[in-house]
Amino acid sequence: MQELFQPQAAQPAARVLLDGFNDMVLDYAIPHGVEGVSRGCRVEVPLRNRSTTGTVICLTPPDALWGHRLKPLTRLIDDSPAVSEKLMDLAEWAARYYAVPVEQLIRCIVPEPVRRERHEEKTRKIVVLTQWPGDEEMNKINARAPRQAAILRYLHQSNTKREPLADLGGSPALAPCRVLEKRGFLRIEEEAIHRDPAAGESFAPSTPLKLNDEQQHALSVITAEQSNNKPIVLQGVTGSGKTEVYLQAAAHVLQQGKGVLILVPEISLTPQTMARFKSRFAETDTHVAILHSAMSDGERFDEWHAIHQGKARIAIGPRSALFAPVQNLGLIIVDEEHDSSYKQENAPRYHGRDLAVLRAHMEDATIVLGSATPSLESLFNVQNGKYSLLRMDKRADGQRLPLTRVLDMRTEAKDKRNLGILSERLRMAMEERLKKGEQTILLLNRRGFARSLQCPDCGHVVVCEHCSLPLTYHATENRLICHICGYRAAVPRKCPECASAGILLEGYGTQKVEKVLRNCFPQARIQRVDADVAARKNALRDILADFRAHRIDILLGTQMISKGLDFPGVTLVGVLNADIGLSMPDPRAAERTFQLLTQVAGRAGRGEIDGEVIIQTYTPHAAAIQYARRHDTDGFAETELELRKELEFPPYTHMAVLTVRSPKEELADFSINTLHKKLLSILPAEVSISAPMPAPIAKAYGQFRYQCTIKSRSARLIADIVSKEIKELNTGEDIIFTLDIDAYSFM
């Protein structure tokens, strides 16, 4: 009897992170009848006089005083947690490291189409023949309702006895099917339709290729059964066959019943990588899923659920695919791991490669960081023994690396036909390739027709109204466009400052080069690829397919064509104005230039004919250009790491950029100086902070920008101290502070 009067143990409460609010966390009671609520589950909860959704971040004992007053959650949205325990751990770690609300990381893990409650699976009606009426009954049906008889005969002749309603005539056939269903002859079912982003494409099965000694050694190390694997840096020259190693390593992991995650730096590389994996695993019926922001909401919804339910065991995509819910993850491949596209430049400002390394550690998976030009951070970790290194120094087909020439454009005479854009050496080389039926790639990392519109009389440059950046002229639209905020303006007939009619277009972009190419090579099939062209859905995929099929002779583009693409017909690569990135106020400027030149050079000579690369530059003796000419990654890394160590730049320290934005310049200036003084008084000796100053792009989106740089050997120390001080500042809505940990952009 005494046991009946013992107080019952309090039912745990669900601590829910609400969607749409930065770190708003509320506790809710779990009502009787709602089973299976656990960490990572998606739930519907009441909030004031409406309902909202959220993610359970933990179960906690209810407060002793207020626990009985907790509102009960409404329902469990999914049968199983949408976010696994390990992904929840990853989100919480990343939120603290990058000093962002954990809700922002949850948004990355559960994309909007999945979070949106009313987004449902796409279904279609299937009609199934359950009973054949017999000849006598069929004659009666045919006399009374010939349409019903036709439907029955169609299904009876079908091999499967089940057909989509659309094949029976669509909506008009539904009524007679309902009648037949009531009579017991048919059954109408709902069938989910998977919205496949690769629908309509066919993938011819491929078989594993014979590996050379370097490839075989790399595969053996990657697939070795050992615990506590270090991250593996796979340094292979362009064309060394890294992708084949990835494919065979993935096959090994799949045979063990585990999943594979492949990250690529650009959405443009996803179709090629997807095609290779779908072709290789076509005969095994392995579902290869892709995830990226250019897909439709329905496609993302279906692909995410296919991965979450374990139907898709391979997931491919850019940095956002890092959070794909791959079941029993065994292998992560980060292709072109050096690429700056893995760093997200808006909140949450995480680095995809670095979080991939952490996820592999949490899930006890092998991770391979592949590149011809590994990042200095990865090579530094190799030197310190944190990562292991595999090298592939030979091209898989035995071909030599392309011969690279550096042309000094300061001594090049300007030709009226090409406006000084093409050197005579490059023009003649392109002409020779056209005669032989070979292909050429030209790289210019600047889109538009002209860099700016400038008056030669007074020097006035037409600048964006909202940003401190010259407007770029786009000939296809006959408009001046800001490459930051997208502002558009008509081209003035005369100078807005002095009314001179001699206002001129200065510099050049991909559109202007395209015009020059069409004048110089009128018979050539020329295609431009930049952000303007790629904005159309599937445009980039179609262009690259045409180039691979040799329906294009000259491909002109920005950096999106510089990496990871394999075109055996390309024997010439030309780089126009290789100096664009060297003068940027960025500690990684030389590294990025070296990587870009080396990567684009690697597109040449990947077939049976030797390749040639011509680099046009005004600074031919720059170290990045000379090392790229010799394809000398080791030499560049040694020189650059020595310089970084002397200057205390990454990877020897962590760098963060603290930025304040405001539509009022004096308010931005005052706020950054106030915070700077506070930080100077509390930062420990091992943390240094630069003086506040206007950002290199001092105004963007109508807001003035001031910033300072913070350096320390501990990124967590920067994040903890600075984020705490930002929260304690009493600033208004006109002031926005951002802290970018391990910054890649200093503009």
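Along the sequence shown, residues are numbered consecutively beginning with 1.
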Participant: Is K161 reaching over with its side chain to a backbone N or O of V128, donor-acceptor style, under 3.5 angstrom?
Facilitator: no

Participant: Is any side-chain heavy atom of I126 less than 4.5 Å from a side-chain heavy atom of R124?
Facilitator: yes

Participant: Short question: side chain of T270, backbone of I267 - any donor-acceptor pair under 3.5 Å?
Facilitator: yes

Participant: Find the distance between CG (L322) and CZ (R359) and round it off to the nearest 0.5 Å.
Facilitator: 6.5 Å

Participant: Restricting to non-hydrogen atoms, name the atom on A637 and the atom on L379 that form the minimum distance, rounded to 0.1 Å.
Facilitator: CB-CD1, 3.7 Å

Participant: Is any side-chain heavy atom of Y98 closer than 4.5 Å to one of L105?
Facilitator: no

Participant: May I ask you to decide whether R551 forms a salt bridge with D542, counting only side-chain N to carboxylate O separations under 4.0 Å?
Facilitator: no

Participant: Kindly say whether S341 contributes a backbone atom to a donor-acceptor pair with the side chain of R319 at under 3.5 angstrom?
Facilitator: yes

Participant: Please answer whether the main-chain N or O of R400 pairs with a side-chain N or O of D610 as donor and acceptor at a distance below 3.5 Å.
Facilitator: no

Participant: Which pair of heavy atoms, one from T373 and one from S371, lies closest together, and at what distance?
Facilitator: N-OG, 2.8 Å

Participant: Check the orientation of W304 and H308. Use parallel for under 30°, tilted for 30 to 60°, and perpendicular for over 60°.
Facilitator: parallel

Participant: Side chains of Q599 and H338, heavy atoms from C-beta outward: is any pair under 4.5 Å?
Facilitator: yes

Participant: So, do L556 and D530 sit near enough that their side-chain heavy atoms are less than 4.5 Å apart?
Facilitator: no

Participant: Quiz question: by atom type and distance under 3.5 Å, do the side chains of Q256 and K258 form a donor-acceptor pair?
Facilitator: no

Participant: So for atom CG, which belongs to D213, do other residues, nucleotides or ligands contribute more than 12 heavy atoms lying within a distance under 6.0 Å?
Facilitator: no

Participant: Please report the closest heavy-atom contact between A94 and V100, naming both atoms and the distance.
Facilitator: O-CG2, 4.5 Å

Participant: Is E591 reaching over with its side chain to a backbone N or O of L376, donor-acceptor style, under 3.5 angstrom?
Facilitator: yes

Participant: Over all heavy atoms of both residues, which pair between V110 and A82 is shortest? Give the atoms and the distance, please.
Facilitator: CG2-CB, 4.4 Å

Participant: Measuring from atom OH of Y342 to atom CD of E266, what distance do you get when rounded to the nearest 0.5 angstrom?
Facilitator: 9.5 Å

Participant: Does atom NZ of K394 have more than 12 heavy-atom neighbours from other groups under 6.0 Å away?
Facilitator: no

Participant: Cut-off 3.5 Å, side chains only: do D167 and Y154 have a donor facing an acceptor?
Facilitator: no

Participant: Does the side chain of H287 come under 3.5 Å of the side chain of E303 through a donor N or O and an acceptor N or O?
Facilitator: yes

Participant: Establish, from distance only, whether the side-chain atoms of E337 and S378 form a donor-acceptor pair under 3.5 Å.
Facilitator: yes

Participant: Measure from the side-chain N and O atoms of Y246 to the backbone N and O of D335, and report whether any donor-acceptor pair falls under 3.5 Å.
Facilitator: no

Participant: Give me the atom names and distance for the closest heavy-atom approach of A249 to L219.
Facilitator: N-CD1, 3.5 Å

Participant: Identify the two heavy atoms, one from I290 and one from M295, that lie closest to each other, and give their separation to 0.1 Å.
Facilitator: O-CE, 3.3 Å

Participant: Within a strict 4.5 Å, meaning less than it, do heavy atoms of the V570 and F547 side chains meet?
Facilitator: yes

Participant: Are any of the side-chain heavy atoms of L369 and P374 separated by less than 4.5 Å?
Facilitator: no

Participant: Please check if the side chain of R525 supplies one atom and the backbone of H550 the other of a donor-acceptor pair under 3.5 Å.
Facilitator: yes

Participant: Give the C-alpha distance, both sets of side-chain angles, the deciding distance and a yes or no for side-chain contact (heavy atoms from CB on, under 4.5 Å) between L254 and T284.
Facilitator: CA-CA 10 Å; L254 291 173; T284 63; over 6 Å; no

Participant: Just how far is it from atom NZ of K242 to atom CG of L234, taken to the nearest 0.5 Å?
Facilitator: 7.0 Å

Participant: Hey, are D302 and K311 close enough for a salt bridge, meaning a charged N less than 4.0 Å from a carboxylate O?
Facilitator: no

Participant: Would E244 and R280 pass as an ion pair if we require N to O under 4.0 Å?
Facilitator: yes

Participant: Would you mind checking if E190 and K125 are paired as a salt bridge, meaning a charged N to carboxylate O distance below 4.0 Å?
Facilitator: yes

Participant: Assess whether side-chain contact (heavy atoms from CB on, under 4.5 Å) is satisfied between I314 and I262, documenting all intermediate values.
Facilitator: CA-CA 8 Å; I314 300 177; I262 301 106; 3.5 Å; yes

Participant: Starting at OG of S220, measure out to CD of Q215 and round the result to the nearest 0.5 Å.
Facilitator: 11.5 Å

Participant: Taking the side chain as everything from C-beta on, heavy atoms only, tell me whether H631 gets closer than 4.5 Å to P402.
Facilitator: yes

Participant: Would you say that I332 contacts E363 through its side chain, given a criterion of any heavy-atom pair below 4.5 Å between the two side chains?
Facilitator: no

Participant: Is a salt bridge present between R39 and E85, judged by a nitrogen-to-oxygen distance below 4.0 Å?
Facilitator: yes

Participant: Drop me the distance from Q272's CD to M274's CE, to the nearest 0.5 angstrom.
Facilitator: 10.5 Å

Participant: Is the count of non-hydrogen atoms from other residues, nucleotides or ligands lying under 6.0 Å from K386 atom NZ greater than 12?
Facilitator: no

Participant: Hey, mind stepping through I109 and T55 against side-chain contact (heavy atoms from CB on, under 4.5 Å) and telling me if it holds?
Facilitator: CA-CA 11 Å; I109 296 173; T55 305; over 6 Å; no

Participant: Under a 4.0 Å N-O cut-off, is there an ion pair linking E612 with R433?
Facilitator: yes

Participant: Please assess T633 against V237 for the test side-chain contact (heavy atoms from CB on, under 4.5 Å), listing each intermediate value before the final yes or no.
Facilitator: CA-CA 9 Å; T633 300; V237 298; over 6 Å; no

Participant: Can you tell me if R395 and S240 form a side-chain donor-acceptor pair at under 3.5 Å?
Facilitator: no

Participant: Checking H252 against T223: is there a side-chain donor and acceptor pair closer than 3.5 Å?
Facilitator: no

Participant: Starting at CG of L434, measure out to CD of Q439 and round the result to the nearest 0.5 Å.
Facilitator: 10.0 Å

